[in-house]
Each structure stands twice: as C-alpha cells, then as structure tokens.
Amino acid sequence: MDFNLTEDQRAIEDAARAFAAAELAPHSARWDEEKTLPVDVLRAAAELGFAGLYVREDVGGSALSRLDASIVFEQLSYGDVSVAAFISIHNMAAWMIDRFGSEDLRRRYLPRLTTMELIASYALTEPGSGSDAAAMKTTAVKDGDRYVLNGSKAFISGAGTSDVYVVMARTGGEGAKGVSAFVVEKGTPGLSFGAQERKMGWNAQPTAQVNFDDCRVPEANRIGNEGEGFKFAMAGLDGGRINIASCSLGGAGLALDTAKAYLETRKQFGQPLAAFQGLQWRLADMATELDAARLMVRRAAHALDQKNPKATQYCAMAKRFATDAGFEVANQALQLHGGYGYLRDYPLERIVRDLRVHQILEGTNEIMRVITARELFRA
C-alpha cells in the first residue's frame, strides 16, 4: 500500500491548486454575495482539462482516474466550494454520455462539453420522490422517432443556465427497471425552468426546478437502451459521491488553515490563542478527522478505478464520513474565531453554508448508511 501521490498526480494537484488560488479564491466571496455563476472561469478550468476529467481522449477528455479527479476537486474547492461542486456535476453528466451513450451521441456533445462551450446538468431528483429516486413520475412516451417527456425535476444545479440536461424519465413500468436516460437540450420546446431557489449556500451556482410539458426529444438522444437509465444514474452517483466528498475535503482544509492562522495571530490573556493546549488539541482533532476522511475518499476512488466489487459501499462510506467530518471541521473553525467567524469578513460562515448541503445531495447521508448496512448484511 502506497499512500504517496505519483509524480503525475503531484503535477495535477499543483495545477488545480494554482488555478484555485488565482481564479477562484479571490472572487469566491463576491460570487456568493452576487449569486453569480462565473461561466468564463468554468471555461478557463476546461482549458486545463477539468471539464472532462474521466471522459475519453478521442472526444477531448482528459481520461484521468477517479483518484486523479478526487485530487483535482479537493484543490478546486479550497478556492471555491460551490464552483468546484458545479464542475463536478458537469463532469458526472459528461461521463454518463461518454460511458453509456452511442458513438453518435458522444461525438455530437462531448467535444463541446469538454471545453464547456456547452454546460451540462444532471436531472434525477423529483419534487415528490426525494431519496426514493426510483419512484420518479416523469415520463417519456415513445412517439415515432421521438420521446415525449412530461414531469418535473427538483433541485437541479445549473437549471436555466446549462445547455444540456441528462434526464432520467420513466419509459416502462414502476421501479428502477422502467427508467431510461436522455440528453435534452436547452431551447427544446416544452422544456422550462422554475424560479431560482433561495438557498442557504452554494450561491455561486443556480438551482431551480426543470419542467417538461410535452417536451419532444429525439430517440437518438436516449443514452443506452430503454430501462437502463436508473443503472446509469446510480453508476454516475458512485463517482459523484467521491467528488462531493473531495469538495468537502477542500472546503474543510481551507477552514482548518484559516483557523490555524487565526490562533497564531489572535491574542487573549496576554498570549496567542495557539499557546492554549485546549485549542491546540481541538485543532489536532480537526486535522486528524480531515486526514482520516481523505484516506477513505482516496480508498473509495481507487476501488472505483479498479472495479472493486465493494466500490459502491466504499463510496457510500467515504461520502458519509467525509461530508460529516468536513462540515464539523468547518463549524469548529468558525467557533474558534468566536464572533468574527460569524462575519462575512472571514470565509468561515460561507464554507459552513456551502458544506452543509454535501450531507444531503448525491444521496443523503442517511441513504449512505442504508447502502452500507445493505452491503454488510449481504455479506
């Protein structure tokens, strides 16, 4: 077992860290305040290969491993959690087209997705289904060489801004086996968007409902065969869970470093806060939890790369642990700042708000426990 990164992985890490420091961190507070998605910055990230991290090279992808991608997302989220998470979602949608789509579909969309000329969103969750994703009600009825979609998707990152939506809809009977996946372009008649959600965090990316009202999609835009969509969606979520866990690592890492710098400079009772053993121990515990989370995330990413049969369980365990630990580290960092941590002059309150949703999306942490327990009792 080797816990060291390779020379190539160090280079990837350095490139992502430099981009985050130059292009994300200086603007993060403003994007949050103004609720702005920086599309020009997304396309600059794409120039470094970050928009098709594990898409094949023949359509412009970087063909990296899931472990490589985890390293990238940890570094990007050190600069801005919300923007890094949005790039993760785009990558998940692009990967589904690359991995399961026809050759025609790949070549029509991926060269423009890997440059972020087109921006992609992932549309699975519905207003009434939540964690029971297989209970979706959005339908896709075959009509000649097209499918007619009707229904709604909720909490969709990029809704209204993204150019391409990877949508799961019901083509057959109840349950997971009746679900298929489609690529739906913005501007398709019958596709519309709800009002922008007013959120606690992730303000640098738009979130809204996506509605389908007799929305006609070409049969050629179906990903894979009918009835395979739910399987594709779950495969995408394994990687998505690693990515969002990695984003928690980066945000928590920034919170930890900010707290350390504050303890070293802030004085109380005639000495720096860093001189108090109780605060030293608290920071030590935060660093330990963060390191443990990183090891779990990278083990899960490696398992997914190696097609380990326990990969889904490892991804669920890592997502649950890393997003819980990341939020707690950020929350403790805010506490260590006292009243200053609650002010927007410091990044802590933004990091806490942005990391909180990671315990909910890509499958709630309660569902991560369900997946883990299912695998334990199956053994």
Side-chain angles (χ1 to χ4, degrees), residues 3 5 13 16-17 19-21 24-25 28-29 31-32 67 69-88 200-205 240-264 274 279-301 315-338 340-344 346-365 368:
F3 295 100
L5 301 182
E13 183 179 54
R17 182 187 298 118
F19 181 83
L24 301 182
S28 188
W31 293 334
D32 175 74
L67 178 54
S70 173
I71 294 165
V72 168
F73 286 118
E74 179 174 355
Q75 294 305 318
L76 292 181
S77 60
Y78 191 95
D80 189 291
V81 172
S82 180
V83 172
F86 187 80
I87 295 173
S88 163
M200 174 180 173
W202 270 27
N203 287 320
Q205 54 171 281
R241 286 163 184 160
I242 292 170
N243 292 349
I244 212 64
S246 302
C247 289
S248 285
L249 297 177
L254 175 58
L256 179 66
D257 289 347
T258 303
K260 178 176 177 290
Y262 183 76
L263 294 185
E264 290 171 335
L279 300 184
Q280 294 174 2
W281 285 9
R282 189 182 298 192
L283 213 69
D285 284 345
M286 291 159 64
T288 301
E289 292 294 307
L290 186 57
D291 203 43
R294 182 178 295 107
L295 291 172
M296 287 190 71
V297 170
R298 292 185 177 178
R299 192 268 302 263
C315 290
M317 293 168 71
K319 191 268 181 182
R320 200 287 299 165
F321 188 85
T323 57
D324 281 351
F327 177 76
E328 184 57 26
V329 166
N331 197 42
Q332 287 294 327
L334 189 155
Q335 185 72 18
L336 287 169
H337 279 70
Y340 290 108
Y342 206 65
L343 302 180
R344 294 194 175 185
Y346 292 83
L348 281 309
E349 61 85 28
R350 184 176 70 254
I351 297 170
V352 168
R353 288 188 287 107
D354 282 345
L355 292 190
R356 180 61 183 87
V357 74
H358 294 191
Q359 297 168 292
I360 299 172
L361 51 81
E362 310 291 30
T364 66
N365 283 4
M368 297 307 99

Q: When you compare the side chain of Leu24 with that of Trp31, does any pair of heavy atoms fall below 4.5 Å?
A: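 They are in contact (side-chain heavy atoms under 4.5 Å apart), so the answer is yes.
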Q: Do Pro347 and Thr258 come close enough that some side-chain heavy atom pair is under 4.5 Å?
A: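 A side-chain contact under 4.5 Å exists here.
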Q: Can you see whether Asn365 engages Thr323 through a side-chain donor-acceptor pair at a distance of less than 3.5 angstrom?
A: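 A pair is found: one side chain offers a donor N or O, the other an acceptor, under 3.5 Å apart.
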Q: Do Arg344 and Glu349 meet the salt-bridge criterion of a basic N to acidic O distance under 4.0 Å?
A: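 Looking at Glu349 and Arg344, the cut-off is met.
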Q: Less than 4.5 Å apart, side chain to side chain, heavy atoms only: is that true for Arg356 and Met200?
A: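 A side-chain contact under 4.5 Å exists here.
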Q: Could you tell me which non-hydrogen atom of Gly251 sits nearest to which non-hydrogen atom of Ser77, and how far apart they are?
A: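 The answer is N-OG, 3.7 Å.
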Q: Looking at Ala325, is its backbone amide N or carbonyl O close enough to the side chain of Glu289 to form a donor-acceptor pair, meaning the two atoms are under 3.5 Å apart?
A: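 No.
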Q: Looking only at heavy atoms, what is the nearest atom pair of Ala259 and Ala333, with distance?
A: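 Where Ala259 meets Ala333 most closely, the heavy atoms are CB-CB, 3.9 Å.
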Q: Classify the ring geometry between Tyr262 and Tyr346 as parallel (under 30°), tilted (30 to 60°) or perpendicular (over 60°).
A: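 Answer is perpendicular, since the angle exceeds 60°.
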Q: Is any side-chain heavy atom of Phe327 closer than 4.5 Å to one of Gln359?
A: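 When only atoms from C-beta onward are counted, Phe327 and Gln359 do touch, with a gap below 4.5 Å.
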Q: Would you name the heavy atoms of Gln75 and Ala20 that are closest together and state the gap between them?
A: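 In this case the closest contact between Gln75 and Ala20 is O-CB, 3.4 Å.
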Q: Does any part of the side chain of Leu76, heavy atoms only, come nearer than 4.5 Å to the side chain of Val83, both counted from C-beta?
A: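 No; the side chains remain at least 4.5 Å from each other.
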Q: Just verifying a value: how many Å separate Thr364 OG1 and Arg320 CZ, rounded to the nearest 0.5 Å?
A: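 Rounded to the nearest 0.5 Å, the OG1-CZ separation comes to 12.0 Å.
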Q: Can you tell me how far CZ of Arg282 sits from CD of Gln332, rounded to the nearest 0.5 angstrom?
A: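 Rounded to the nearest 0.5 Å, the CD-CZ separation comes out at 5.0 Å.
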Q: Take Phe73 and Ile87, measure what side chain to side chain contact (heavy atoms under 4.5 Å, CB included) needs, and give me the verdict at the end.
A: CA-CA 9 Å; Phe73 286 118; Ile87 295 173; 3.9 Å; yes
Q: To check you understand the geometry: which heavy-atom pair defines the closest contact between Lys319 and Ile360, and what is its length?
A: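 Smallest interatomic distance, heavy atoms only, reads NZ-N, 4.2 Å.
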Q: More than 12 heavy atoms of other residues, nucleotides or ligands under 6.0 Å from CD of Glu264: yes or no?
A: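 Enclosed: over 12 neighbouring heavy atoms sit under 6.0 Å from CD of Glu264.
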Q: Please determine whether a side-chain nitrogen of the Lys or Arg among Arg294 and Asp291 lies less than 4.0 Å from a carboxylate oxygen of the Asp or Glu.
A: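 Yes, charged N to carboxylate O under 4.0 Å.
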Q: So how far is it from Asn243 CG to Cys315 SG, rounded to the nearest 0.5 Å?
A: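 If I round to the nearest 0.5 Å, the distance is 9.5 Å.
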Q: Ignoring hydrogens and geometry, is there a side-chain-to-backbone donor-acceptor pair from Arg241 to Glu362 under 3.5 Å?
A: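 Looks like yes, one N/O pair under 3.5 Å.
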Q: Which heavy atom of Asp354 sits nearest a heavy atom of Trp202, and at what distance?
A: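 Scanning both residues, the minimum pair turns out to be OD1-N, 2.6 Å.
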Q: Which distance, rounded to the nearest 0.5 Å, do you find between the CG of Leu336 and the CG of Asn331?
A: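 So the CG of Leu336 and the CG of Asn331 are separated by 10.0 Å.
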Q: What's the shortest heavy-atom distance between Cys247 and His358, and which atoms?
A: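 For Cys247 and His358, the tightest heavy-atom pair comes out as CB-CE1, 3.7 Å.
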Q: Nearest 0.5 angstrom please: Ile351 CD1 to Leu254 CG, how far?
A: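 Those atoms lie 4.0 Å apart.
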Q: So how far is it from Ile244 CD1 to Leu355 CG, rounded to the nearest 0.5 Å?
A: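 Interatomic distance, Ile244 CD1 to Leu355 CG, rounded to 0.5 Å: 9.0 Å.
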Q: Does any donor atom in the side chain of Ser70 or Arg298 lie under 3.5 Å from an acceptor atom in the other side chain?
A: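 Arg298 and Ser70 do not have a side-chain donor-acceptor pair below 3.5 Å.
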